[in-house]
Amino acid sequence: MQLPEQPVAGQPDPTIHDNAARFLAAIKDIEQATYHRDETPLPVVGSAPPVEQPGRPAMSQRATDTSVLMLAGGFTTVMVSGSAAGLMYFSQFADPVACAIVLGAPVALVMAVSRLVAKARSAAPQPVTNHFHGNVHHDTRNVTSTTRGVIANNRNVT
């Protein structure tokens with residue numbers, strides 16, 4: 001006697017055909033494109049100046065550099081202060097004056113070096129501007145020389 005869930009010998013199981021059909025349909029579904037490319041041409045940019053956008057106005061390069069410097073300085077201050085606070089809190093016996101000296105020394109050193117660099121910049125010589133009155137003849141000569149060993153060859157004198 002044969003159980004009803006067993007297939008009859010010589011005949012394929014009908015669920016195999018259903019599974020195969022679902023598998024092939026899934027493969028065909030995967031083969032379809034899953035993206036879209038817009039081929040329409042971009043609009044032409046005219047000669048009109050750009051329109052100021054709402055929100056924060058554009059910044060100059062110097063303003064951008066200064067704001068980055070201020071953010072970096074603020075972050076450094078937070079890190080040094082957080083380190084000092086953590087050290088004093090977790091050690092429970094750290095001397096606040098000693099922590100101020102140890103953790104404040106790098107900041108004082110950086111401030112001193114920055115002041116020194118600022119003074120050195122201001123002490124740099126100003127560019128020389130000459131004003132001539134009358135006829136002036138300006139002569140510029142370029143000399144190109146090639147030296148190989150002991151022999152020097154000066155070819156291009158203009």
Which side-chain N or O atoms in residues 18-27 pair as donor and acceptor under 3.5 Å with protein atoms at least two apart or in another chain?
residue: N19; atom: OD1; partner: R22; partner atom: NH2; Å: 2.9
residue: N19; atom: ND2; partner: T15; partner atom: O; Å: 3.4

Quiz item: Excluding sequence neighbours, so at least two apart, what forms side chain to side chain donor-acceptor pair (under 3.5 Å) with D38?
Solution: T40
Practice problem: Can you run down the side chain to side chain donor-acceptor pair (under 3.5 Å) pairs that involve residues 68-88, sequence neighbours left out, and say none if there aren't any? | Solution: none
Quiz item: Does a sphere of radius 6.0 Å around CG in D139 hold more than 12 heavy atoms from other residues, nucleotides or ligands, not counting ones at 6.0 Å or beyond?
Solution: yes
Quiz item: If you measure from CE on M59 to OG1 on T66, what distance do you get to the nearest 0.5 Å?
Solution: 8.0 Å
